[in-house]
Peer 1: 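Below are the structure tokens for one structure; questions will follow.
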Amino acid sequence: DLTENPLTDPPSGSFLGFTLLQQLAVPLPLECPGGSSAWEEVTTNGSSRLCQGQRNPCNGSRELAWPCPENAACAPDGPGLIQCLCDSPFHGYKCLGEGTFPMLLFCGVLGAVTLSLSLLLWGTQRRKAKTP
């Protein structure tokens, strides 16, 4: 119930991840998050607007299909919001990587670079250290 809060229009990502939200009361001047098409029923009661029954935006019967990549599936991510989840075994940007993430290679390169930079900085800054 957000009716007594002095709200202006909340940012579009304010309800990101609220996939189980089924009832929301907002002040009358505000629209339901995601618009009235994101809810099964929108009613007004005195000074509040009641949004009930969050719809699944991935059921594209009313609108064009969501722009998920070829190897991904649409999943709801809050009122009127979606996320694209990569199908297995795809991963990465636009689900274009196939197989598993190269963890050993990534950690090896990261460790080598960190060790090299640490040795370089230790060697160059050692002369500035005062000895007792």
Peer 1: Begin with the C-alpha distance, continue with both residues' side-chain angles, and end with the deciding distance and a verdict on side chain to side chain contact (heavy atoms under 4.5 Å, CB included) for Phe15 and Leu24.
Peer 2: CA-CA 11 Å; Phe15 293 94; Leu24 180 66; 4.0 Å; yes

Peer 1: Between CD of Gln23 and CG of Asp1, what distance do you get to the nearest 0.5 Å?
Peer 2: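 Separation between the atoms: 10.5 Å.
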
Peer 1: Do Arg55 and Trp39 come close enough that some side-chain heavy atom pair is under 4.5 Å?
Peer 2: no

Peer 1: When rounded to the nearest 0.5 angstrom, what distance separates OG1 in Thr43 from CG in Leu50?
Peer 2: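 Spacing of OG1 (Thr43) from CG (Leu50) equals 4.5 Å.
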
Peer 1: Could you walk me through whether Gln52 and Gln22 pass side chain to side chain contact (heavy atoms under 4.5 Å, CB included), step by step?
Peer 2: CA-CA 6 Å; Gln52 293 180 315; Gln22 290 303 311; over 6 Å; no

Peer 1: Please assess Thr3 against Ser47 for the test side chain to side chain contact (heavy atoms under 4.5 Å, CB included), listing each intermediate value before the final yes or no.
Peer 2: CA-CA 8 Å; Thr3 54; Ser47 64; 5.6 Å; no

Peer 1: Any idea which heavy atoms bring Pro79 and Gln54 closest together, and the distance?
Peer 2: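 So the minimum-distance heavy-atom pair works out to N-OE1, 3.1 Å.
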
Peer 1: Keeping the roles fixed (side chain from Arg49, backbone from Leu30), state whether a donor-acceptor pair exists under 3.5 Å.
Peer 2: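 Side chain of Arg49 to backbone of Leu30: a pair is present.
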
Peer 1: How many angstroms lie between CG in Leu110 and CE in Met103, if you round to the nearest 0.5 Å?
Peer 2: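 With rounding to 0.5 Å, CG (Leu110) is 11.0 Å from CE (Met103).
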
Peer 1: Rounded to the nearest 0.5 Å, how far does CD of Glu40 lie from SG of Cys51?
Peer 2: 12.5 Å

Peer 1: Return the minimal non-hydrogen interatomic distance between Leu28 and Gly46, and the atom names on each side.
Peer 2: CD2-O, 3.7 Å

Peer 1: Quick one: closest heavy-atom pair of Pro57 and Pro76, and the distance?
Peer 2: CD-CB, 4.0 Å

Peer 1: Atom OG1 of Thr114 and atom CG of Leu119: how far apart are they, to the nearest 0.5 Å?
Peer 2: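 Answer for the OG1-CG pair, Thr114 versus Leu119, is 11.0 Å.
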
Peer 1: Does a sphere of radius 6.0 Å around CG in Leu104 hold more than 12 heavy atoms from other residues, nucleotides or ligands, not counting ones at 6.0 Å or beyond?
Peer 2: no

Peer 1: Are the side chains of Ile82 and Cys58 in touch, meaning some heavy atoms are under 4.5 Å apart?
Peer 2: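 Sidechains of Cys58 and Ile82: in contact.
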
Peer 1: Could you give the distance from CG (Leu16) to CG (Asp77), rounded to the nearest 0.5 Å?
Peer 2: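 The distance works out to 4.5 Å.
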
Peer 1: If you count every heavy atom of other residues, nucleotides or ligands that lies below 6.0 Å from Asn45 atom CG, does the total exceed 12?
Peer 2: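 No, not enclosed.
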
Peer 1: May I ask whether Leu85 and Leu81 are part of the same hydrophobic cluster, defined by side-chain heavy atoms of I, L, V, M, F, W, Y residues being less than 4.5 angstrom apart, directly or through others?
Peer 2: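 No, it is not one cluster - the side chains of Leu85 and Leu81 are not joined through contacts under 4.5 Å.
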
Peer 1: Got more than 12 heavy atoms from elsewhere within 6.0 Å of CG, Leu20?
Peer 2: no

Peer 1: Is the distance between the SG atoms of Cys84 and Cys95 less than 2.5 Å?
Peer 2: no

Peer 1: Would the pair Cys68 and Cys74 meet an SG-SG distance criterion of under 2.5 Å?
Peer 2: no

